[in-house]
Amino acid sequence: MTKKENTSDQLIATIIKGIEEVKGNDIDILDLREIENTVCDYFIICNGTSNTQVNAIVGSVQKTVSKALKDKPWHTEGLENGEWVLMDYVNVVVHVFQKHIREFYDIEGLWGDAKTTSIKTNY
């Protein structure tokens with residue numbers, strides 16, 4: 001395992017923890033490394049039930065990653081409406097959706113060639 005992979009694995013685990021802290025739903029990790037011309041190595045996709053929960057998930061991920069890894073997103077967009085927030089950690093991009101917006105855009109379908117891992121939550 002390379003240093004980059006180890007760093008990505010730590011970041012992914014920490015992001016998942018941040019999502020779970022505020023009960024984010026339907027967490028999927030899309031591994032994009034085998035696909036040509038991608039902007040990052042991984043997408044992490046999850047959803048919340050409202051704009052309040054979407055923003056809470058984003059806040060929790062930022063706080064958890066900052067505290068554990070001293071890292072912050074390079075770029076964040078979508079906070080204004082809380083329907084789809086994108087958090088760019090360079091090699092890992094987090095998409096936090098409201099459920100109906102996630103279904104509409106179907107990121108998993110668009111990236112159907114990616115290896116997908118679904119995270120089971122206990123709530």
Side-chain angles (χ1 to χ4, degrees):
M1 184 179 291
T2 67
K3 185 168 172 31
K4 181 181 168 192
E5 285 175 325
N6 190 30
T7 304
S8 290
D9 289 347
Q10 280 184 311
L11 179 58
I12 290 166
T14 307
I15 289 168
I16 301 295
K17 184 178 174 203
I19 294 168
E20 290 176 334
E21 288 280 316
V22 289
K23 298 186 175 15
N25 297 310
D26 303 324
I27 306 167
D28 286 332
I29 303 168
L30 276 60
D31 184 341
L32 308 173
R33 293 174 299 173
E34 302 291 315
I35 301 172
E36 285 184 37
N37 303 320
T38 57
V39 294
C40 63
D41 292 340
Y42 298 94
F43 281 165
I44 298 178
I45 304 170
C46 70
N47 53 262
T49 55
S50 66
N51 57 352
T52 304
Q53 189 186 18
V54 165
N55 288 329
I57 292 166
V58 171
S60 179
V61 168
Q62 287 179 328
K63 190 173 101 186
T64 306
V65 170
S66 176
K67 196 171 174 184
L69 304 176
K70 309 289 184 259
D71 197 0
K72 63 182 196 291
W74 174 72
H75 181 73
T76 303
E77 52 185 84
L79 287 169
E80 309 76 40
N81 61 21
E83 290 185 343
W84 174 5
V85 179
L86 181 144
M87 303 168 66
D88 185 348
Y89 283 94
V90 184
N91 290 328
V92 179
V93 174
V94 184
H95 298 271
V96 185
F97 288 97
Q98 285 189 42
K99 188 174 176 59
H100 67 285
I101 302 292
R102 180 178 181 173
E103 289 167 357
F104 180 81
Y105 285 102
D106 186 26
I107 300 277
E108 293 93 334
L110 291 173
W111 293 91
D113 292 346
K115 190 175 119 206
T116 302
T117 305
S118 296
I119 306 297
K120 300 287 177 238
T121 51
N122 299 321
Y123 42 80

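Numbers here are sequence positions counted from 1.
At least one side-chain heavy atom of Tyr42 sits less than 4.5 Å from a side-chain heavy atom of Ile29.
Going from atom CD of Glu83 over to atom CD1 of Ile101 covers 4.0 Å, rounded to the nearest 0.5 Å. Distance check: Glu36 CD to Thr38 OG1 gives 9.5 Å after rounding to the nearest 0.5 Å. Atom CD1 in Ile15 sits 8.5 Å away from atom CG in Asp71 (nearest 0.5 Å). In this structure, OG1 on Thr64 lies 11.5 Å from CD1 on Ile57, to the nearest 0.5 angstrom. The CG atom of Asp9 sits 10.5 Å away from the OG1 atom of Thr14 when rounded to the nearest 0.5 Å.
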Show your working on side chain to side chain contact (heavy atoms under 4.5 Å, CB included) between Val61 and Ile19 and close with a plain yes or no. CA-CA 6 Å; Val61 168; Ile19 294 168; 3.7 Å; yes
Report the C-alpha separation of Asp88 and Thr76 in whole Å, then their side-chain angles, then the decisive distance to 0.1 Å, and conclude whether the side chain to side chain contact (heavy atoms under 4.5 Å, CB included) test is met.
-> CA-CA 6 Å; Asp88 185 348; Thr76 303; over 6 Å; no
| task | Let me see the working for Trp74 and Tyr89 under ring pair (Phe, Tyr, Trp, His ring centres under 6.0 Å), right down to the final yes or no. | result | CA-CA 6 Å; Trp74 174 72; Tyr89 283 94; over 10 Å; no
Criterion side chain to side chain contact (heavy atoms under 4.5 Å, CB included) on Asn91 and Cys40, from CA distance to verdict: CA-CA 5 Å; Asn91 290 328; Cys40 63; 5.5 Å; no
Margin query: Apply side chain to side chain contact (heavy atoms under 4.5 Å, CB included) to residues Ile44 and Asp28 and explain how you reach the verdict.
Written below: CA-CA 6 Å; Ile44 298 178; Asp28 286 332; over 6 Å; no
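Side chain of Lys23 to main chain of Glu20: no donor-acceptor pair is present (N/O by atom type, distance under 3.5 Å, no hydrogens or angles). No donor-acceptor pair under 3.5 Å is formed between the side chain of Glu108 and the backbone N or O of Leu30. The main-chain N or O of Ala56 is never found under 3.5 Å from a side-chain atom of Ser60 such that the two would form a donor-acceptor pair. Under a 3.5 Å cut-off, the side chain of Arg102 and the backbone N or O of Asp26 do form a donor-acceptor pair. Counting only distance, with no hydrogens or angles, the side chain of Gln62 and the backbone of Pro73 share no donor-acceptor pair below 3.5 Å.
Using a 4.5 Å cut-off between side-chain heavy atoms of Ile, Leu, Val, Met, Phe, Trp and Tyr, with links allowed through other members, Ile107 and Val58 fall into different hydrophobic clusters. Side-chain heavy atoms closer than 4.5 Å link hydrophobic residues (I, L, V, M, F, W, Y) into clusters, and following such links, possibly through other members, connects Val92 to Val85. Hydrophobic clustering (side-chain heavy atoms under 4.5 Å, transitive across Ile, Leu, Val, Met, Phe, Trp, Tyr) groups Leu86 together with Leu110. Transitive grouping of hydrophobic side chains (ILVMFWY, heavy atoms separated by less than 4.5 Å) brings Leu11 and Ile119 into a common cluster. In terms of hydrophobic clustering, with Ile, Leu, Val, Met, Phe, Trp and Tyr side chains grouped at heavy-atom distances under 4.5 Å, Phe43 and Val54 are assigned to different clusters.
At a cut-off of 3.5 Å, with distance as the only test, a side-chain donor of Gln53 or Thr49 sits close to an acceptor on the other residue. Residues Asp41 and Ser8 have side chains that never bring a donor and an acceptor to within less than 3.5 angstrom of each other.
For Asn51 against Asn81, the heavy-atom pair with the smallest separation is CB-O, 3.5 Å. In terms of heavy-atom proximity, Cys46 sits nearest to Ile27 at CB-CG1, 4.0 Å.
Taking the charged nitrogens against the carboxylate oxygens, Glu103 and Lys99 do have a contact shorter than 4.0 Å, which makes a salt bridge.
Here Tyr105 and Trp84 bring their ring centres to under 6.0 angstrom of each other.
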